[in-house]
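A, B, ... follow the sequence lines: proteins, then strands. Residue 1 opens every chain. For the numbers below, each heavy atom of this structure counts, side chains included, while hydrogens, waters and symmetry mates do not.
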2 protein chains.
Amino acid sequence: MKLFLVDDHPVVRAGIKALLDGEPDMEIVGEAANADDALRLVALREPDVVLMDLQLGDGPDGVEATRRIRELPRKPQILVLTTYETDADIVRAIDAGATGYLLKASPPDELFSAIRAAARGESVLSPKVAAKMMRRMRDPGPALTAREIEILELLSKGAGNKEIARALFITEATVKTHLNHVYGKLGVETRTAAVTAAVERGLIRL
Amino acid sequence: MKLFLVDDHPVVRAGIKALLDGEPDMEIVGEAANADDALRLVALREPDVVLMDLQLGDGPDGVEATRRIRELPRKPQILVLTTYETDADIVRAIDAGATGYLLKASPPDELFSAIRAAARGESVLSPKVAAKMMRRMRDPGPALTAREIEILELLSKGAGNKEIARALFITEATVKTHLNHVYGKLGVETRTAAVTAAVERGLIRL
DNA sequence: GCGGAGCTCAACCGATCGGTTGATGCCCGC
DNA sequence: GCGGGCATCAACCGATCGGTTGAGCTCCGC
């Protein structure tokens, strides 16, 4: 089974390689520290599974890299291996075409079986991530729409309604409508409180 | 030279061990995934240098662990090895008694020389971290007053000026004056942007 | 094809915010 | 003692925000 690593931390790449050294059925055919190298080398080496970090320092992030790799003619399975477990990250990664979502805090055994499952095209989630998704399924919760998240992200930058409207090519009236929905869903009454509530619930990242 | 690893990610621990395998003068005498284990085992194994991550999952964080280890009778040097480089993290770690501050994105060579330097008791900083501190030295930076921080904390909860005034037993006019000072110091123009700027600079915590 | 959810826009209002100027009192360091 | 930083307050203005109501549109599932 041919693996490819994408992570901007040399320490982490060395760690995965060291762990996988004891697994005879796995071979690492390449690695990259950023999205551009990843895309180029994956197309060349044609791995079965790509282990992808979401934070890649400068340039496109892991979600973007995942999206592009999934557009390759001979597309590998992509297993996200990252530190964070916010709703926004998980949803975006899955949406971009990731086969699974693992946390770096996972024990090695979990990593191995997840890689093998991903190679078979099966979806795998870290228990913590799975638990989070289960909670979200049972409790519909706020469930903000994509548009509302977009608004929140601009909001967190301190943008006024007028700026948000310009940035999203909509009118100020529409922005206010979205904001009122967001206030209702998050149970807050001001734009500032909406930002902190969204950050605390992992809906957006600062 | 005896090393001890503290990191909640098995992958990272494996990575550091793998990298250090090629360095004959370094020996890993133990590792831990949380602050409590770290404190207990470090007291027992008496390493020369502790490599400490700041994020340790549940329980006390790396800063707290650093503080406690520095209170041990035979205290080792502590080299922080983490992902983040916010001012608040750096300052808190140094304040807790860390000998150096390295980023996980550092190349292995840098890691090795940093460990050797730390063992000698020398302070080492990642170039990116050092650059950040230099900037902060040259530019004294915002330096908000205690009162202004109080205002920011209430602000982050989404409070209006009137609420802030009541909470701090001052008039709304005074709140506005403070806010205008904060805007100026942080280089922002809205209350929402002030909150995110303050969070990013580690002035307040959500 | 009907309803529901989501996105869009409009007009209006009061409340709040941001910006400005100016002022008072306090404490600290030179 | 004098300047300077800090905290406090006042009055005023325009701009923005929050709240409301109502409406048209598309897309999707039943």
Side-chain angles (χ1 to χ4, degrees), chain A residues 87-88 91-92 94-95 133 136-199 201 203-204, chain B residues 136-137 139-199 201 203-204:
Chain A
D87 291 359
V91 171
R92 283 173 54 228
I94 303 288
D95 190 56
M133 303 225 70
R136 188 146 299 277
M137 297 293 271
R138 279 201 302 274
D139 171 19
L144 297 202
T145 68
R147 199 56 159 170
E148 287 161 353
I149 299 275
E150 275 186 288
I151 303 252
L152 269 174
E153 278 166 352
L154 290 168
L155 201 59
S156 73
K157 294 186 174 64
N161 291 344
K162 200 166 295 184
E163 292 176 77
I164 297 175
R166 268 200 301 273
L168 299 182
F169 304 108
I170 57 180
T171 67
E172 209 179 328
T174 307
V175 174
K176 293 170 72 169
T177 304
H178 284 307
L179 276 180
N180 275 315
H181 290 163
V182 170
Y183 295 157
K185 290 179 180 178
L186 295 182
V188 299
E189 288 175 323
T190 69
R191 46 176 58 248
T192 307
V195 169
T196 56
V199 170
R201 302 196 194 187
L203 297 170
I204 61 171
Chain B
R136 188 145 298 277
M137 298 293 272
D139 169 18
L144 297 201
T145 69
R147 200 55 160 170
E148 287 161 353
I149 299 275
E150 274 187 289
I151 302 250
L152 269 173
E153 279 167 350
L154 290 168
L155 202 58
S156 73
K157 293 184 174 65
N161 291 344
K162 200 167 294 183
E163 291 176 77
I164 297 175
R166 268 200 302 272
L168 299 182
F169 305 106
I170 57 180
T171 67
E172 209 180 328
T174 307
V175 174
K176 292 171 73 170
T177 304
H178 285 307
L179 276 181
N180 276 315
H181 290 163
V182 170
Y183 295 155
K185 289 180 179 177
L186 295 181
V188 298
E189 289 176 322
T190 69
R191 51 183 26 319
T192 306
V195 170
T196 57
V199 170
R201 302 197 194 188
L203 299 169
I204 60 172

Name all residues meeting the side chain to side chain contact (heavy atoms under 4.5 Å, CB included) criterion together with A:Glu189; count only those two or more places apart in sequence or in a different chain, and write none if there are none. none
Starting at CG of A:Leu179 and ending at C1' of C:dC9, how long is that distance when rounded to a whole Å? 15 Å
Given side chains that start at C-beta, do those of A:Glu150 and A:Thr145 come closer than 4.5 Å, heavy atoms only? no
Classify every nucleotide of nucleotides 24-30 of chain C by which part a protein heavy atom approaches to under 4.0 Å, writing B for the base, S for the sugar-phosphate alone and - for neither, in 5'-to-3' order. -------
Is the shortest heavy-atom distance from the side chain of A:Ile151 to the side chain of A:Val182 under 4.5 Å? no
Does A:Thr190 put a side-chain nitrogen or oxygen below 4.0 Å from OP1 or OP2 of D:dG18? no
Atom pair distance, as rounded to whole Å: CD1 in A:Ile151 and P in C:dG6: 14 Å
Return the value, rounded to whole Å, for the distance between atom CD of A:Glu189 and atom P of C:dC17. 12 Å
What pairs with B:Thr171 under side chain to side chain contact (heavy atoms under 4.5 Å, CB included), at least two apart in sequence or on another chain? B:Ala173, B:Thr174
Using whole Å, what does the distance between atom P of nucleotide D:dG19 and atom CZ of A:Arg191 come to? 11 Å
Between C1' of C:dG6 and CD1 of A:Ile149, the distance in whole Å: 14 Å
Please work out if A:Asn180 contacts a base, only the sugar-phosphate, or nothing of the nucleic acid, heavy-atom cut-off 4.0 Å. base
Measuring only between side-chain heavy atoms, which start at C-beta, is B:Leu203 closer than 4.5 Å to B:Lys185? no
Which atom names give the shortest non-hydrogen contact between A:Ala197 and A:Leu186, and what distance separates them? CB-CD1, 4.3 Å
All pairs passing side-chain hydrogen bond (donor to acceptor under 3.5 Å, both in side chains) where residues 151-170 of chain A contributes a residue, at least two apart: A:Asn161-A:Arg191
With a 4.5 Å cut-off on side-chain heavy atoms, are A:Leu155 and A:Leu152 touching? yes
Using whole Å, what does the distance between atom P of nucleotide D:dT20 and atom NE2 of A:His181 come to? 12 Å
Beyond-backbone contact of A:Leu168 with A:Leu154, side-chain heavy atoms, under 4.5 angstrom: yes
Double-helix bend of the helix from C:dG1-D:dC30 to C:dC30-D:dG1, axes at both ends from 5 pairs, round to 10°, gives 50°
Closest listed nucleotide, where the reference is the side chain of B:Arg147 and the choices are C:dC17, D:dG18, D:dA7: D:dA7
Sorted by number, residues from residues 162-178 of chain B placing a heavy atom under 4.0 Å from DNA chain D are B:Ile170, B:Thr171, B:Ala173, B:Thr174, B:Lys176, B:Thr177, B:His178
How many angstroms lie between NZ in B:Lys176 and OH in B:Tyr183, if you round to the nearest 0.5 Å? 10.0 Å
Could you tell me the separation between the CD1 atom of A:Ile149 and the CG atom of A:Leu144, rounded to the nearest 0.5 Å? 4.5 Å
Rounded to the nearest Å, what distance is computed from the OH atom of residue B:Tyr183 to the P atom of nucleotide D:dT16? 14 Å
To the nearest Å, how far apart are A:Asn161 CG and C:dA10 C1'? 15 Å
